[in-house]
Engineer: 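I have a structure I would like to understand better, so I am pasting it below and will then ask my questions one at a time.
Residue numbers begin at 1 in each chain, while the letters A, B, ... track the order of the sequences.
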Protein chains: 2
Amino acid sequence: MGNVTGKPTVHDIARVAQVSLATVDRVLNARSGVRQKTIDKVNSAIRELGYVRDTSAANLARQRQYSFTFVLPEGPGQFVDAIRSELRAAYASQIADRVTLNIISVATADPHAVVRKLSSLDLDQMDGIALLVPETPQIRDIVARLKQAGIAVIALASDLPNSERDFFVGVDSVAAGRTSGLLMGKFAATEGEIMVVTNSMRARDSLERRLGFDQVLQASFPHLTVLPTIESFDDPDRMEDLVFGMLIRKPRLVGLYSMGSGNLPVLRALRRSARAAELSVIMHELTQPTRTGLLSNEIDAVIAQNVGHLVRSALRVLRNLSDGHPIFEPQERIRIEIVMRENLPHLT
Amino acid sequence: MGNVTGKPTVHDIARVAQVSLATVDRVLNARSGVRQKTIDKVNSAIRELGYVRDTSAANLARQRQYSFTFVLPEGPGQFVDAIRSELRAAYASQIADRVTLNIISVATADPHAVVRKLSSLDLDQMDGIALLVPETPQIRDIVARLKQAGIAVIALASDLPNSERDFFVGVDSVAAGRTSGLLMGKFAATEGEIMVVTNSMRARDSLERRLGFDQVLQASFPHLTVLPTIESFDDPDRMEDLVFGMLIRKPRLVGLYSMGSGNLPVLRALRRSARAAELSVIMHELTQPTRTGLLSNEIDAVIAQNVGHLVRSALRVLRNLSDGHPIFEPQERIRIEIVMRENLPHLT
DNA sequence: TCATAAATGAGGAACGTACCTCAAGCAATA
DNA sequence: TATTGCTTGAGGTACGTTCCTCATTTATGA
């Protein structure tokens, strides 16, 4: 073979296929101007030799630089903060080799602001974009425009199913809601009512979680009655008051399901009411407040997704999309994690 | 900078530190024969420039080949089969770049056979080894000998805490047992008995899972009585008969906990008894039988670990150990997964 | 049959690092 | 001062792939 490792190289392919190195290169990199017959010759030589491209050498020679943009909701939010933090971590590691990241924040509540911000981006320098924004007609237009410009577009954490996005990296919210429903049904054995709270049902996630939650409870746990969703609309104090009021006024409550952000005021209300022990409490997203809640037995289970995995997955998918490579789906499927006190991952 | 990407290279370091390329190389690769003063100069240039080694180029130039050996229990076993399969998958992907894998099977029940097989290995060609074997005095000796030969040694899935292994990749079995206990306590609301089964309590995993399970049930769920562990000693028929007998003879049973391999005969016994609906059933390891059991509502929850993650983690750790690089612990911590019907990962 | 296009070959430079050799500079010690 | 050992410099080759140019051969259609 000539080389030290014994692994076949492009030279070996050329020799076996009886073509020149240039032709091997043309076939390997899917360049035009090669007859099908020659392509086949080269490919069978590749198979025969068991050739695998040396990615190190390829990366080095290619000098490929990926420019990816992440569009995240602005303002505080522990889930988004976790994404930011994991993006930084990935950036430092080898997973983000040869990529430059551009993280921008948008006021997702205002579709026009989102459009304005996204329209001002320089598309020439951009290879791919990950969007964590609610799906609106304007967003669909933007996605179409990005695709037109040849940019890889993925939806992050929250899908944009009616747009032309290339891929969705995240969990199925309906399934997450169904998982919560199943847990709630098994935890809350006695007849009673379930309180459901979220920040806003205008968010697709909350809608879908609620949908899944109801599906399972109706189908399998008829002894439980699910109350209408309480919404806080970004007002923590309002959330705390609403939840506290319900806890006081509803003696038949046996469960509490917090579907979105704003777990902290819910927990505060729960503490004030001193009813945590008699309720089955399920929340979404593993953050400092929910960790504490699990450890203090105020929360029975947290439904979470591994944000590190989410981010690394997004980067891998963006890279594969911009290279025109296929996506290894099983690896990019984010799991719906059930976290309880005893399987809580340690910090650091 | 001279290069396209704008990233600083070794040449930039040499220029800024006012030393030659050779000296930069000596410092970067910790070669001897450089004054401390010079080392400092180079290092501050590195910091100043924000230099990061181009791993692609380094790998290419180094032509480093890792030779890793995985020692797995022989014979059938769905967990071990899954490991094999994930090893093959990893081997095909970029995670196992530049590594040659050597997978050997040993009859773990016979310590002498294990010793014989491991003693016959060629240590010269070996950079690292991953062991999935029970801890015996003989194994401890072998580990010591491997370390002496400068080989990286990790325990896979099952720890060897009293040996000189460099690292353990796997989950804390006590915590896994505690998780099962917590779930069982919450699922089985009414007073009654819990049946616990495993292949053999001589396995450390089973012992520890049982320990954790009992801890939680005793501390938090006194209404449940845990029966002595039923062991099958590698005999599926015996297992099915034993479990079926218990299901018939014990009307007060409210839960069933299967701690190890041999879930299939347990499920068969459960089916024959037609008592699945009234019992809370928790099993370990996500395999075909347990998947089916979850979907048919015979199993309430499966405690699992992500075997793909386990294997990729092992490879990363072995590589870092043989390079003398630090290990990024959070990434290598395997999670204790709770899998139920609604968050069952799809197959491919 | 000739003009034209398509396909292929030959060769080389570049990517950034690792690793080697040989020579030269420097310092401390006898 | 001479000798020795330590430190540094200069320059090169190699890794396997990508990508480029230019020349040459082969196939295609008028």
Side-chain angles (χ1 to χ4, degrees), chain A residues 1-43 45-46 49-66 94 97-98 322-325, chain B residues 1-43 45-46 49-66 94 97-98 322-325:
Chain A
M1 305 257 176
N3 58 347
V4 183
T5 65
K7 284 176 57 176
T9 72
V10 282
H11 295 87
D12 298 310
I13 302 177
R15 189 171 31 74
V16 171
Q18 308 202 64
V19 297
S20 71
L21 213 57
T23 299
V24 174
D25 178 67
R26 289 180 183 114
V27 174
L28 274 178
N29 295 290
R31 283 184 247 281
S32 61
V34 187
R35 269 185 311 173
Q36 188 56 48
K37 208 176 142 188
T38 314
I39 294 180
D40 295 341
K41 261 204 303 188
V42 171
N43 279 329
I46 288 175
L49 291 165
Y51 168 82
V52 280
R53 190 198 238 101
D54 184 318
T55 33
S56 290
N59 284 337
L60 179 60
R62 221 189 296 257
Q63 282 295 92
R64 179 79 156 97
Q65 277 291 106
Y66 304 87
Q94 74 284 10
D97 227 24
R98 293 173 199 287
S322 19
D323 284 346
H325 290 334
Chain B
M1 307 256 175
N3 58 348
V4 184
T5 65
K7 283 176 59 176
T9 72
V10 281
H11 295 87
D12 300 309
I13 302 176
R15 190 170 32 74
V16 171
Q18 308 201 63
V19 297
S20 72
L21 214 58
T23 299
V24 173
D25 178 67
R26 288 178 185 116
V27 174
L28 273 177
N29 296 292
R31 283 185 246 279
S32 60
V34 187
R35 271 185 309 174
Q36 187 57 46
K37 211 175 139 188
T38 314
I39 294 180
D40 295 342
K41 260 203 305 187
V42 173
N43 279 330
I46 288 174
L49 291 165
Y51 168 83
V52 280
R53 194 197 234 100
D54 184 319
T55 34
S56 289
N59 284 339
L60 179 60
R62 220 189 295 257
Q63 282 294 92
R64 178 78 157 99
Q65 276 291 108
Y66 304 87
Q94 74 283 9
D97 227 25
R98 306 192 128 76
S322 17
D323 283 346
H325 290 334

Engineer: Using a heavy-atom distance cut-off of less than 4.0 Å, which residues of residues 18-31 of chain A contact DNA chain D?
Structural biologist: A/Asp25, A/Asn29, A/Arg31
Engineer: Looking at A/Val42, A/Val10, A/Asp12, which hits side-chain contact (heavy atoms from CB on, under 4.5 Å) with A/Tyr51?
Structural biologist: A/Val10
Engineer: What integer distance in Å separates A/Asn59:CG from C/dT17:C1'?
Structural biologist: 14 Å
Engineer: Hey, are the side chains of A/Arg53 and A/Asn29 touching, using non-hydrogen atoms and a 4.5 Å cut-off?
Structural biologist: yes
Engineer: Looking only at side-chain N and O atoms, does A/Arg64 come under 4.0 Å of OP1 or OP2 in D/dT18?
Structural biologist: no
Engineer: Could you tell me whether the phosphate oxygens of C/dG16, OP1 or OP2, come under 4.0 Å of any side-chain nitrogen or oxygen in A/Gln63?
Structural biologist: yes
Engineer: With B/Val24, which of B/Val16, B/Ile13, B/Ile46 fulfils side-chain contact (heavy atoms from CB on, under 4.5 Å)?
Structural biologist: B/Ile13
Engineer: Write down the atom of A/Ala17, the atom of A/Ala45, and the distance for their closest heavy-atom approach.
Structural biologist: CB-CB, 3.7 Å
Engineer: Grab the CD1-P distance between B/Ile46 and C/dT17 for me, whole Å please.
Structural biologist: 10 Å
Engineer: Compute the angle between the rotation axes at the two ends of the helix from C/dT1-D/dA30 to C/dA30-D/dT1, each taken over five pairs, rounded to 10 degrees.
Structural biologist: 20°
Engineer: Within a strict 4.5 Å, meaning less than it, do heavy atoms of the A/Asp54 and B/Arg98 side chains meet?
Structural biologist: yes
Engineer: What is the distance from NZ of B/Lys41 to C1' of D/dT7, rounded to the nearest Å?
Structural biologist: 12 Å
Engineer: Name the residue closer to the 5' end of DNA chain C, choosing between B/Arg62 and A/Leu60 according to the nucleotide with the nearest heavy atom.
Structural biologist: A/Leu60
Engineer: Round to the nearest Å and state the distance from A/Ile39 atom CD1 to C/dT8 atom C1'.
Structural biologist: 13 Å
Engineer: Can I get a per-line list of side-chain donor-acceptor pairs under 3.5 Å for residues 33-41 of chain A, giving both atom names and the distance, sequence neighbours left out?
Structural biologist:
residue : atom : partner : partner atom : Å
A/Gln36 : NE2  : A/Asp40 : OD1          : 2.9

Engineer: Please report the distance, rounded to the nearest Å, between CG in A/Asp323 and C1' in D/dT17.
Structural biologist: 14 Å
Engineer: Run the salt bridge (Lys or Arg N to Asp or Glu O under 4.0 Å) test against B/Arg64 and tell me which residues pass, sequence neighbours left out.
Structural biologist: B/Asp127, B/Asp323
Engineer: To the nearest Å, give me how far apart CD1 (A/Ile13) and P (C/dG9) are.
Structural biologist: 14 Å
Engineer: Taking the side chain of A/Ala61 as its heavy atoms from C-beta onward, which of D/dT8, C/dC15, C/dG16 lies nearest to it?
Structural biologist: C/dC15
Engineer: Once rounded to the nearest 0.5 Å, what's the spacing between atom OG of B/Ser20 and atom NE2 of B/His11?
Structural biologist: 11.0 Å
Engineer: Each nucleotide N or O in nucleotides 3-6 of chain D that has a protein N or O under 3.5 Å away: list the pair and distance.
Structural biologist:
none

Engineer: Round to the nearest Å and state the distance from A/Gln65 atom CD to C/dG16 atom C1'.
Structural biologist: 13 Å
Engineer: Do you know which two heavy atoms are closest between B/Ala57 and A/Leu60, and how far apart they sit?
Structural biologist: CB-CD1, 3.7 Å
Engineer: Looking at residues at least two apart in the chain, or sitting in another chain, which of them share a salt bridge (Lys or Arg N to Asp or Glu O under 4.0 Å) with A/Arg26?
Structural biologist: none
Engineer: How long is the line joining CG of B/Asp54 and C1' of D/dT18, in whole Å?
Structural biologist: 15 Å
